[in-house]
Amino acid sequence: MIRDAEVLDEGFVPNDLQHRDAELTHLESTLRPFADGAPGQSIIITGPTGAGKTVTSKYVTGQLTDAVPNIQTVHLNCWRSHTQFRAFYSILDELGLATDIHRGSTPHDELISRLEAYDGDPVVVILDEADQLDSTDIFYDLHSLPKFAQLIVANERDQLFGRLNSRLQSRLQSSEHVPMSRYTPEELVSILEVRVRWGFEEETVSPDVIERIADAAAGDARVALGMLRRAANYAIREGHDEITFDVLEAAMPDAREQIRQRNVDALNDHQRTVFDIIRAYGPLSPQDIYEHYEAKMSDPNQLRTVKSYLSKLTEYRLIEAEGSTRDRTYRAVQSQ
DNA sequence: GTTCCACAGGAAAATATGGAGG
DNA sequence: CCTCCATATTTTCCTGTGGAAC
């Protein structure tokens, strides 16, 4: 059933990265001068888990290396190398400068001065899961070294900045910030489709299974791919030769309801009111929805805003639209 | 057909929000 | 406390579309 398990692996970087065009362009244009010899800068990439931060970082450095061969990339998983020593050591190690360094017998300063003395090709350092670092000094050191550019990958910018001392804050304040948001279910569907096409034999994963996984993953590509992997393993173990709805159901019970609840919890008062109205009064036109909403709220927003809510609710599959233009109505997606 | 109208959704301006620094 | 700044949300203005009424 599985043709190429690699494409389902965490850390797999596809040839064609989907849905991150704007972020890629931003990163490329920021790193381009560095590749051409300008001093390195710091770039901060933030976003929730599974939003594609790591894969985008790897992709952009891959592209850069293709275009400018004499540039190096070091990918550092800060969760694994969370102490300052290990982080510096890993970087030196990747650069082949750590052969005679031994833990315990080599002082910190020696590591730093080696980095300072480094005069080879420019290096892009990806500090993945940077919020895991015990010490933020590494940001400071890399920021001040012209031969190094750093991609600081973290969950939240504010949380990251909260840990920095003020001097470092003001230095990094001006660096480029690339925020990423979670994928929409549609985006996840197309990501999964490509992986399925490469990873599985034909006709082993049906479209509605993909849709269901995308739905349940709540914008987290890592979770989505994990579910697909889990369902595949389950199918193999149980002797099925394709992943059907039932197989998926058995491999991940009640995932959908949890995610649904999480989505509902994330709504603000206005959005929830709109959702409640649709749930209570069944299929309604936008105009009718707005009239209910206007009557119910003491500080109603404009129709255009409510229409944005409708898009958002649809995006997260809490409601569905039927009809294209004048005949369009919305109704709640029943939660089975 | 043709016209009309409610719709979707983009772009940009306006406004609210939240944190940093004075 | 206020001001500045970045970001997020909302409003305003708008274009294009297709079903409905004529």
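Below, chains carry the letters A, B, ... as their sequence lines are ordered, and counting in each starts from 1.
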Rounded distance in Å - CG (D299(A)) to C1' (dT10(C))
12 Å
Any side-chain N or O of Y309(A) below 4.0 angstrom from OP1/OP2 of dT10(C)?
yes
Between dC5(B) (P) and L303(A) (CG): distance, integer Å
17 Å
Do any side-chain nitrogens or oxygens of Y330(A) fall under 4.0 Å of OP1 or OP2 in dC7(B)?
no
d(CG, L313(A); P, dA8(B)) in whole Å:
13 Å
Using heavy atoms to find the nearest nucleotide of DNA chain B for R304(A) and S285(A) separately, return the residue whose nucleotide is more 5′.
S285(A)
Checking side-chain hydrogen bond (donor to acceptor under 3.5 Å, both in side chains) for the pair T273(A)/D276(A): CA distance, chi angles, key distance, verdict?
CA-CA 5 Å; T273(A) 302; D276(A) 287 343; 5.7 Å; no
Looking only at heavy atoms, which two atoms of I210(A) and E193(A) are closest? And how far apart?
CD1-CG, 4.0 Å
Looking at dT10(C), I'd like to know if its phosphate oxygens (OP1 or OP2) sit under 4.0 Å from a side-chain N or O belonging to H270(A).
no
d(CG, L284(A); C1', dA6(B)) in whole Å
15 Å
So, does D9(A) use its side chain to make a donor-acceptor pair with the main chain of G11(A) at under 3.5 Å?
no
Under 4.0 angstrom, heavy atoms only, what part of the nucleic acid is R328(A) near: base, sugar-phosphate, or nothing?
sugar-phosphate
note: K312(A), atom NZ; dG9(B), atom C1'; distance rounded to Å ~ 16 Å
Taking any heavy-atom pair under 4.0 Å as a contact, classify S311(A): base, sugar-phosphate, or nothing.
sugar-phosphate
Tell me whether K312(A) at atom NZ has more than 12 heavy atoms from other residues, nucleotides or ligands lying less than 6.0 Å away.
no
How long is the line joining CD of Q302(A) and C1' of dC14(C), in whole Å?
15 Å
Reckon N301(A) has a side-chain N or O less than 4.0 Å from the OP1 or OP2 of dT9(C)?
no
Once you measure the plane-to-plane angle for Y89(A) and F85(A), does it fall in the parallel (<30°), tilted (30-60°) or perpendicular (>60°) bin?
parallel
Within 6.0 angstrom of D36(A) CG, more than 12 heavy atoms from elsewhere
yes
Output one letter per nucleotide in nucleotides 15-22 of chain C: B when a protein non-hydrogen atom lies under 4.0 Å from the base, S when only the sugar-phosphate is that close, - when neither is.
--BBB---
Parallel under 30°, tilted from 30 to 60°, perpendicular over 60°: which one fits the rings of Y118(A) and F148(A)?
tilted
Which whole-number value in Å describes the distance from Y290(A) OH to dT10(C) P?
12 Å
